[in-house]
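Below: one structure, written as structure tokens.
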Amino acid sequence: MSQKTLKNLFDNYINSKTLFKDKNALTIKYTPDTVPHRNDQINQIGSILAPALKGDRPSNIFIYGMTGTGKTLVTQYVVGQLKESAASNNVNISLLYVNCKMKRVADTEYRLIAYLAGLLGKKVPPTGLPTDQVYKIFFEALEENKGVVMLILDEIDALVEKVGDEFLYTLTRINQDTDNSKVTIIGISNNLSFTENIDARVKSSLSDEELIFPPYNALQLKDILSERASISFSEDVVMDGVIQKCAALAAQEHGDARRALNLLRVAGELAERQNMEKVTENHVDCAESKIDMDHIIEAVKTQPKQSKLLLKAILSLTDKASDYIYTGDVFDLYVTFCDKVGLKPLTQRRVSDLIAELDMLSIINTKVISRGRHGRTRTIRLALSGKVYSRVTEFLDSEFNI
DNA sequence: AGTCCACAGGAAGGGCAGGCGA
DNA sequence: TCGCCTGCCCTTCCTGTGGACT
């Protein structure tokens with residue numbers, strides 16, 4: 001592209017009519033004024049938390065539901081309203097919200113407690129202190145804090161899976177071990193069978209109250225989308241059927257509202273980029289494959305070098321063999337690749353874990369099988385197809401000159 | 001019925017970088 | 001500076017195992 005045409009492109013962009021009024025309303029950060037189809041849950045959580053307004057400690061709550069069923073949104077909505085009422089009645093309520101999946105922020109016990117202490121205004125170094133020291137700092141901060149503290153632990157299942165449930169036990173004991181503080185823990189989990197694997201003591205105190213958020217159906221998704229679309233798009237931009245299609249696609253995927261909103265937003269962006277005046281169903285189709293593709297490509301790009309090389313070995317083998325390939329073959333080829341690139345190969349044990357990680361990311365599909373005399377192993381198959389496959393191959397080829 | 005393969009995957013611990021207080 | 005602490009990545013060592021083969 002010459003520099004002149006690039007200037008034209010920018011000029012065109014500035015002069016083109018934008019399809020969006022307020023794109024924010026289609027992102028997950030946006031908190032709407034009302035939450036449709038969640039009245040029951042809002043009222044339940046509201047009545048459980050209401051004692052906080054009189055300075056009492058509400059029961060702990062545990063909330064389950066698949067991604068995009070409104071758990072976080074509803075919780076933040078209720079807690080936000082509660083805080084407003086508290087403020088106008090001169091009651092002190094503190095909110096501590098953490099997403100336990102946040103990388104490098106709250107993905108270990110130490111970091112979680114350090115982050116929480118930070119929210120209460122106590123600085124804790126990112127590393128270096130013994131864990132009990134960090135707890136001590138956090139507890140002191142709680143004691144100094146007059147009033148009820150609402151501790152919202154979002155995606156708590158991810159953290160427990162990673163570091164165990166010990167920290168939950170410590171947290172649930174806060175109210176017994178400290179004098180002034182009144183702490184209510186609100187746990188939010190995507191995993192419905194989460195509490196099956198945690199300590200019984202933790203379980204009983206953590207889930208005083210349990211709530212399950214059912215998936216949205218296509219009609220409910222359509223309502224949600226219509227409301228957000230009217231805020232975010234200019235008038236008469238979204239064609240008939242677009243919202244219905246987004247809702248239907250997301251409903252197939254366990255009723256995930258986040259997915260539905262993403263689809264609509266990306267469809268709008270695609271239409272805008274093509275200088276179209278309307279968003280059509282066709283754009284939704286494109287949005288669907290774009291979202292999936294971006295997700296995978298991003299995952300591949302952010303892998304460490306060893307994983308990328310391993311993936312390259314898997315790609316090369318699947319090119320040749322039409323059927324499954326096995327851990328042993330992959331490891332051998334990976335080692336020769338390492339040799340060529342001048343990288344020290346990892347052990348088979350470690351590679352086995354890396355393969356499991358690639359499986360978790362849905363880049364490959366694996367299954368543990370027994371081949372009788374030929375031992376137990378994992379069958380590995382690429383989970384990429386078409387455009388995604390060629391983009392990944394392209395990227396890995398440019399990364400390694402083999 | 002017993003053997004044995006080729007790994008899976010758990011447990012423990014080493015080495016490193018980053019950070020603390022003394 | 002030193003000793004001690006952390007998380008993270010990795011290795012070493014180990015036990016477990018489904019089913020083809022003997």
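In what follows, every chain begins at residue 1, and chains take the letters A, B, ... in the order their sequences are listed. Just the heavy atoms: all of them, side chains too, but no hydrogens, waters or symmetry mates, feed the values below.
The side chain of A/Ser352 contributes an N or O atom lying less than 4.0 Å from OP1 or OP2 of B/dA8. Between A/Arg378 and the phosphate of B/dG9, there is a side-chain N or O to OP1/OP2 separation shorter than 4.0 Å. Between C/dG19 and A/Ser370, no contact under 4.0 Å exists linking OP1 or OP2 to a side-chain N or O. Between A/Arg371 and B/dA8, a side-chain N or O to OP1/OP2 separation shorter than 4.0 Å is absent.
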* To do: Could you give me the CA-CA distance, side-chain angles and deciding distance for A/Asp397 and A/Lys312, then say whether salt bridge (charged side-chain N to carboxylate O under 4.0 Å, His left out) is met?
  => CA-CA 8 Å; A/Asp397 284 347; A/Lys312 176 138 181 78; 2.8 Å; yes
* To do: Begin with the C-alpha distance, continue with both residues' side-chain angles, and end with the deciding distance and a verdict on side chain to side chain contact (heavy atoms under 4.5 Å, CB included) for A/Lys308 and A/Phe400.
  => CA-CA 9 Å; A/Lys308 287 180 195 160; A/Phe400 303 105; 3.7 Å; yes
* Run the numbers on A/Phe62 and A/Ile185 for side chain to side chain contact (heavy atoms under 4.5 Å, CB included), then give the verdict. => CA-CA 8 Å; A/Phe62 213 89; A/Ile185 300 175; over 6 Å; no
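Summarising the geometry of A/Lys182 relative to A/Gly55, their closest heavy-atom pair is NZ-O, 2.8 Å, with the distance given to 0.1 Å.
Rounded to whole Å, atom P of C/dA20 lies 12 Å from atom CZ of A/Arg373. In this entry the distance linking CG of A/Asp359 with C1' of B/dA8 reads 13 Å, nearest Å. Distance A/Gln348 CD to C/dT12 C1': 13 Å, rounded to the nearest Å. For the pair A/Asp353 CG and B/dC7 P, the computed distance is 15 Å after rounding to whole Å. In this entry the distance linking CZ of A/Arg350 with C1' of C/dT11 reads 10 Å, nearest Å. Atom OH of A/Tyr110 and atom P of B/dA17 are 19 Å apart (whole Å). If you take CD of A/Gln306 and C1' of C/dC9, they are 11 Å apart, rounded to a whole angstrom. At whole-Å resolution of the value, NE2 in A/His374 and C1' in C/dT22 are 13 Å apart.
Checked by distance alone, A/Arg376 brings no side-chain donor or acceptor within 3.5 Å of a matching partner on the base of B/dG9. One donor-acceptor pair, N or O on each side, does fall under 3.5 Å between the base of B/dG9 and the side chain of A/Arg349.
With no hydrogens or angles considered, a side-chain donor-acceptor pair links A/Glu155 and A/Asn190 at under 3.5 Å.
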